[in-house]
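One-based numbering along the sequence shown. Indexing begins at 1, ligand by ligand and atom by atom, following the structure's order.
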Amino acid sequence: MIDTSERGIVIKEEFIPLSEPCLGGMEWEYVKECLDTGWVSSAGSYVDRFEKMAADYLGAKYAVATVNGTAALHTALLASGIQPDEEVLVSTLAFIAPTNAIRYTGARPVFIDADVETWQIDPQKVIEFLELKCRRINGELRNKATGRRIRAILPVHILGHPVDMDPIRAIAHKFGLTVIEDAAESLGARYKKGKVGHFGDVACLSFNGNKIITTGGGGMIVTDSAKIARRAKYLTTQAKDDPVEYVHREIGYNYRLTNLQAALGCAQMERLEDHIAVKRRIAATYSEAFREVPGIEPMPEAPWAYSTYWMYTVLVDRKRFGMDRKRLLAELRDMSIQTRPLWQPIHRSRAYRDCPAYRCKTAEELNRTALSLPCSVGLTLDDQLRVIEAISGLARP
Ligand SMILES: *Cc1c(COP(=O)(O)O)cnc(C)c1O
């Protein structure tokens, strides 16, 4: 990017990406070991080690590695026994993966709004929907409008911040619903005293390149249930019924993670707490600076939350700041600073417009105003100050 200042001096500005992986630990060594020993594929000690590290970190009994987070979600839904034509409550303001995974099983999403305070799924609206819009028939909870059985709640902890899990767990318990956590964006975040990924019946993680730790591509199913773990292992390994003979009772999937990727995962797990500390420091610097900038509202952290600030995001108030987030994105792009809006609320998407959505206005408002800022673990203070100065400089004088 070439920038010409008033004096005609040409200054080359380095591109500041939104978020880049940080591979600063034992990655080379562990991967080299795989190459040296030939253990590069779906068997090998790093897969077991990575699973154990993830389970231990979350305090869970079992973990099953998968090829990516979406496969983990698909498997978790299947292993929880979700049936075609059942319904699963899910956040409308989230990445599309959990909703797609619901559809892969033949079940259907019911979209729930975001909470204005935390931007996470609104537990009050989950409760309202279940209490007012559903009724129990023969011990099963059914959506009055569609007649379909409600089977599960799939809260997505977005942007590094936890969902308010207590009310969700309580209402799920009351109606006998399964809770499947999508912790892909919030590994290491804490809700009250516990880590997210250990509040439901089963949780899913992702190690895609943009996540707080990465294996290039990868995922994990984490659970305390031996039954779910066994089923997950079975389904992700082509549903093999005999260790030697190729015998199958059911349709399975090849959703395994390779030893090479797991080697990366072990090295990254060792760095996780450091990554979180850096992300929190980046967030604190931004939030402090934006106190001085009218119309830029920093990302929230609820009193009961310990956020990893995986993806630092602000709200842009068009009137007070002087431009909307679309314009701000374009201005920053012209300064070689990459930013990104949040996802289109999924109930608005062409793909899912026909699915039920319950009072999703807050998600739409957040989508209009939210912008994620550069927050790589490797972001230098100089680069961060450049982002801050760019935004302050664009604010209405
Ligand atoms: C990244 C992500 C996933 C999983 O993505 P994969 O790319 O399949 O690993 C799932 N849910 C959310 C909320 C995500 O952000």
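Under the 4.0 angstrom criterion for non-hydrogen atoms, Leu73 is in contact with ligand 1.
Looking from atom 8 (O) of ligand 1 to the surrounding protein, the closest heavy atom is Thr70 OG1, 2.5 Å. Counting only heavy atoms of the protein, atom 2 (C) of ligand 1 lies nearest to Lys211 NZ, 3.0 Å. If you check which protein heavy atom lies closest to atom 12 (C) of ligand 1, you get Asp182 OD2, 3.4 Å. What sits closest to atom 15 (O) of ligand 1 on the protein, heavy atoms only, is Glu185 OE2, 2.6 Å.
Summarising the local packing, NZ of Lys32 is surrounded by 12 or fewer heavy atoms from other residues, nucleotides or ligands at distances under 6.0 Å. More than 12 heavy atoms of other residues, nucleotides or ligands lie within 6.0 Å of CZ in Arg386, so this atom counts as buried by the packing criterion.
Between Glu128 and Lys125, none of the side-chain N atoms (NZ, or NE/NH1/NH2) sits under 4.0 Å from a carboxylate O, so this pair counts as no salt bridge. Using a 4.0 Å cut-off between a side-chain N of Lys or Arg and a carboxylate O of Asp or Glu, Glu87 and Arg151 do not qualify as a salt bridge.
The Ala184 neighbourhood of ligand 1 comprises atoms 2 (C), 3 (C), 10 (C), 11 (N), 12 (C), 14 (C), with distances under 4.0 Å to a heavy atom of that residue. Close contacts between ligand 1 and Pro98 involve ligand atoms 11 (N) [criterion: under 4.0 Å to a heavy atom]. Near Val156, the atoms of ligand 1 lying under 4.0 angstrom from a non-hydrogen atom of the residue are 13 (C).
Ranked by closest heavy atom to atom 5 (O) of ligand 1, the top entry among Ser91, Ser206, Gly218 is Ser206.
Ring geometry for His347 versus Phe111: interplanar angle of 30 to 60°, hence tilted.
Asp48 and Ser45 are not linked by any side-chain donor-acceptor pair at a separation below 3.5 angstrom, with hydrogens and angles left out of the test.
Not a single N or O atom of Phe95, backbone or side chain, sits closer than 3.5 Å to an N or O atom of ligand 1.
Counting heavy atoms from C-beta outward, Phe129 and Leu89 have side chains that approach closer than 4.5 Å.
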